[in-house]
Trainee: 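My questions will all concern the structure given below.
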Amino acid sequence: MQQLPPTLGILGGMGPVTSAELLRTIYACNPTPTDQLAPHVVLFSLPAAPDRCASIHGGSEAAFIAFMTAQLARLDPLCDKIFIACCTAHYSLPAVPEPLRRKVISAMALADRELGRSEEPALLLASTGAYKKRLFQDQCAHADRLRELAADEQEIVMGMIFNELKCGHDPMRVVPALQRLLARHGTRTCVAGCTEFHLVARALAARGDDSIRFIDPLGIIAREFSSLVTRDA
């Protein structure tokens with residue numbers, strides 16, 4: 001029997017549209033002459049996952065960690081690498097058994113690599129949960145290049161995530177507000193520290209609009225699928 005090529009497992013559904021868009025992006029970035037040569041991907045879209053920010057702010061982290069442990073155990077035998085399509089969800093990983101963490105490609109590591117290559121600082125667009133856990137600040141060697149949201153800016157970004165992007169509105173609707181935030185911080189580069197911003201990055205790219213430069217872990221996964229799924233990130 002012919003050996004299958006490396007397979008990526010995506011633990012998604014957080015939110016469901018974004019993880020589905022990641023799958024579309026992977027295939028758009030890796031065109032092949034036949035179906036058989038296309039990337040192999042297993043998507044677990046599980047919208048019933050406990051709310052990540054609520055678990056952090058409400059003291060119910062144990063339930064989310066148990067969920068992540070169970071779902072990573074389901075994905076593990078099906079794939080060679082795993083990507084968690086929710087940056088905030090990465091907070092659970094230190095509490096997950098090491099054998100279930102070994103295949104996970106870190107969104108923070110992908111962002112950190114691009115931070116090191118960036119010619120300007122990057123505004124961290126992330127949830128209040130990711131900020132509270134300092135996921136990017138503590139896991140990025142180039143965290144000194146990050147610019148953090150002020151309290152009022154964090155409210156604006158959370159509104160983009162939960163009232164616009166997760167609700168299925170046109171991602172371009174948040175672009176003017178994003179441009180104002182970036183101008184306030186003197187940069188046009190941002191880190192998509194919430195995976196919902198992949199929708200904005202894709203919408204801008206489709207229009208050939210480079211007014212915002214995204215450091216987007218989902219886009220990196222798609223563009224570098226072959227190398228990332230066959231080696232440690």
Side-chain angles (χ1 to χ4, degrees), residues 6-30 39-56 64-65 67-76 78-93 96 100-114 124-130 133 135-136 139 157-158 160-162 164-168 171 190-203 205 214-226 228-229 233:
T7 299
L8 176 68
I10 299 173
L11 184 49
M14 303 175 278
V17 173
T18 298
S19 49
E21 188 65 23
L22 171 57
L23 198 61
R24 288 170 53 89
T25 307
I26 288 171
Y27 289 116
C29 289
N30 297 274
H40 282 218
V41 183
V42 175
L43 170 61
F44 277 13
S45 185
L46 303 168
D51 185 280
R52 281 65 66 200
C53 289
S55 72
I56 293 169
F64 184 68
I65 291 167
F67 170 86
M68 290 293 290
T69 300
Q71 306 315 321
L72 287 171
R74 291 176 65 198
L75 260 181
D76 186 79
L78 303 177
C79 55
D80 298 279
K81 295 288 182 179
I82 295 173
F83 185 72
I84 301 167
C86 172
C87 293
T88 308
H90 282 64
Y91 90 81
S92 65
L93 288 178
V96 170
L100 297 178
R101 301 196 308 262
R102 60 190 171 86
K103 293 182 180 179
V104 174
I105 299 172
S106 167
M108 287 81 234
L110 296 179
D112 186 41
R113 189 192 68 186
E114 296 305 309
L124 177 58
L125 304 176
S127 70
T128 55
K133 290 295 186 180
L135 294 178
F136 289 87
Q139 295 183 40
V157 167
M158 289 295 280
M160 293 179 187
I161 296 169
F162 287 96
E164 296 286 346
L165 301 175
K166 282 185 177 291
C167 291
C190 56
V191 174
C194 172
T195 51
E196 304 299 329
F197 285 106
H198 178 64
L199 303 176
V200 185
R202 286 280 287 161
F214 274 94
I215 295 176
D216 172 21
L218 276 68
I220 297 169
I221 284 283
R223 292 191 301 272
E224 303 181 20
F225 182 91
S226 295
L228 288 173
V229 178

Trainee: Does Ile161 reach the side chain of Phe197, with side-chain heavy atoms less than 4.5 Å apart?
Mentor: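 The answer is yes; the side chains approach within 4.5 Å.
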
Trainee: Could you check whether any side-chain N or O of Lys103 sits under 3.5 Å from a backbone N or O of Asp76, counting only pairs where one atom can act as donor and the other as acceptor?
Mentor: yes

Trainee: Does the Tyr91 side chain pair with the main chain of Ala130, one donor and one acceptor, at a distance under 3.5 Å?
Mentor: no

Trainee: Hey, are the side chains of Leu100 and Ile82 touching, using non-hydrogen atoms and a 4.5 Å cut-off?
Mentor: no

Trainee: Checking side chain to side chain contact (heavy atoms under 4.5 Å, CB included) between Leu8 and each of Val42, Ile26, Leu23, which is the one that passes?
Mentor: Ile26

Trainee: Check whether any side-chain heavy atom of Cys87 lies under 4.5 Å from a side-chain heavy atom of Met108, and answer yes or no.
Mentor: yes

Trainee: Please report the closest heavy-atom contact between Leu46 and Met14, naming both atoms and the distance.
Mentor: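 Heavy-atom minimum between the residues: O-CG, 4.4 Å.
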
Trainee: Of all heavy-atom pairs between Phe225 and Pro39, which one has the smallest distance, and what is that distance?
Mentor: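 Looks like CE2-CB, 3.4 Å.
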
Trainee: Got a donor-acceptor contact below 3.5 angstrom from the Thr25 side chain to the Gly219 backbone?
Mentor: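 Checked: no pair found.
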
Trainee: Calculate, to the nearest 0.5 Å, the distance between atoms CG and CD belonging to Leu125 and Glu196 respectively.
Mentor: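 Spacing of CG (Leu125) from CD (Glu196) equals 12.5 Å.
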
Trainee: Just by distance, no angles: are the side chains of Ser127 and Arg52 close enough, under 3.5 Å, to form a donor-acceptor pair?
Mentor: no

Trainee: Which value, rounded to the nearest 0.5 Å, describes the distance between Lys81 atom NZ and Ile221 atom CD1?
Mentor: 10.0 Å

Trainee: What is the distance from atom OG of Ser55 to atom CD1 of Ile65, rounded to the nearest 0.5 Å?
Mentor: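 So the gap between those two atoms works out to 8.0 Å.
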
Trainee: Less than 4.5 Å apart, side chain to side chain, heavy atoms only: is that true for Leu11 and Val104?
Mentor: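 Answer no - side chains too far apart.
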
Trainee: In the structure I gave you, are the side-chain heavy atoms of Phe64 and Thr88 within less than 4.5 Å of one another anywhere?
Mentor: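 A side-chain contact under 4.5 Å is absent here.
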
Trainee: Measure across Cys53 and Gly129 and return the closest heavy-atom pair with its distance rounded to 0.1 Å.
Mentor: SG-N, 3.6 Å

Trainee: Measure the spacing between OG of Ser19 and CD1 of Ile84 and express it to the nearest 0.5 Å.
Mentor: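 Output value for this atom pair is 12.5 Å.
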
Trainee: Say whether Thr18 and Thr195, considering side chains only, have a donor N or O and an acceptor N or O under 3.5 Å apart.
Mentor: no

Trainee: For residues Ala222 and Asn30, report the shortest heavy-atom separation together with the two atoms involved.
Mentor: O-ND2, 2.9 Å

Trainee: Let me confirm one number: the CD1-SG distance from Ile220 to Cys29, rounded to the nearest 0.5 Å.
Mentor: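 Output value for this atom pair is 11.5 Å.
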
Trainee: First locate atom CG of Leu22, then atom CD1 of Ile10, and finally report the distance between them rounded to the nearest 0.5 Å.
Mentor: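 Rounded to the nearest 0.5 Å, the CG-CD1 separation comes to 4.0 Å.
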
Trainee: Taking side chain as C-beta onward, heavy atoms only, is Gln139 less than 4.5 Å from Asp112?
Mentor: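 Answer no - side chains too far apart.
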
Trainee: Less than 4.5 Å apart, side chain to side chain, heavy atoms only: is that true for Ser92 and Phe67?
Mentor: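 They are not in side-chain contact.
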
Trainee: Evaluate the criterion side-chain contact (heavy atoms from CB on, under 4.5 Å) for residue pair Phe44 and Leu78; output intermediate values, then yes/no.
Mentor: CA-CA 11 Å; Phe44 277 13; Leu78 303 177; 3.9 Å; yes

Trainee: Looking at Val229 and Pro6, what are the two nearest heavy atoms and their distance?
Mentor: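 Closest heavy-atom pair between Val229 and Pro6: CG1-CB, 3.6 Å.
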
Trainee: Which pair of non-hydrogen atoms, one from Leu110 and one from Pro217, has the smallest distance, and what is that distance?
Mentor: CD1-O, 3.8 Å

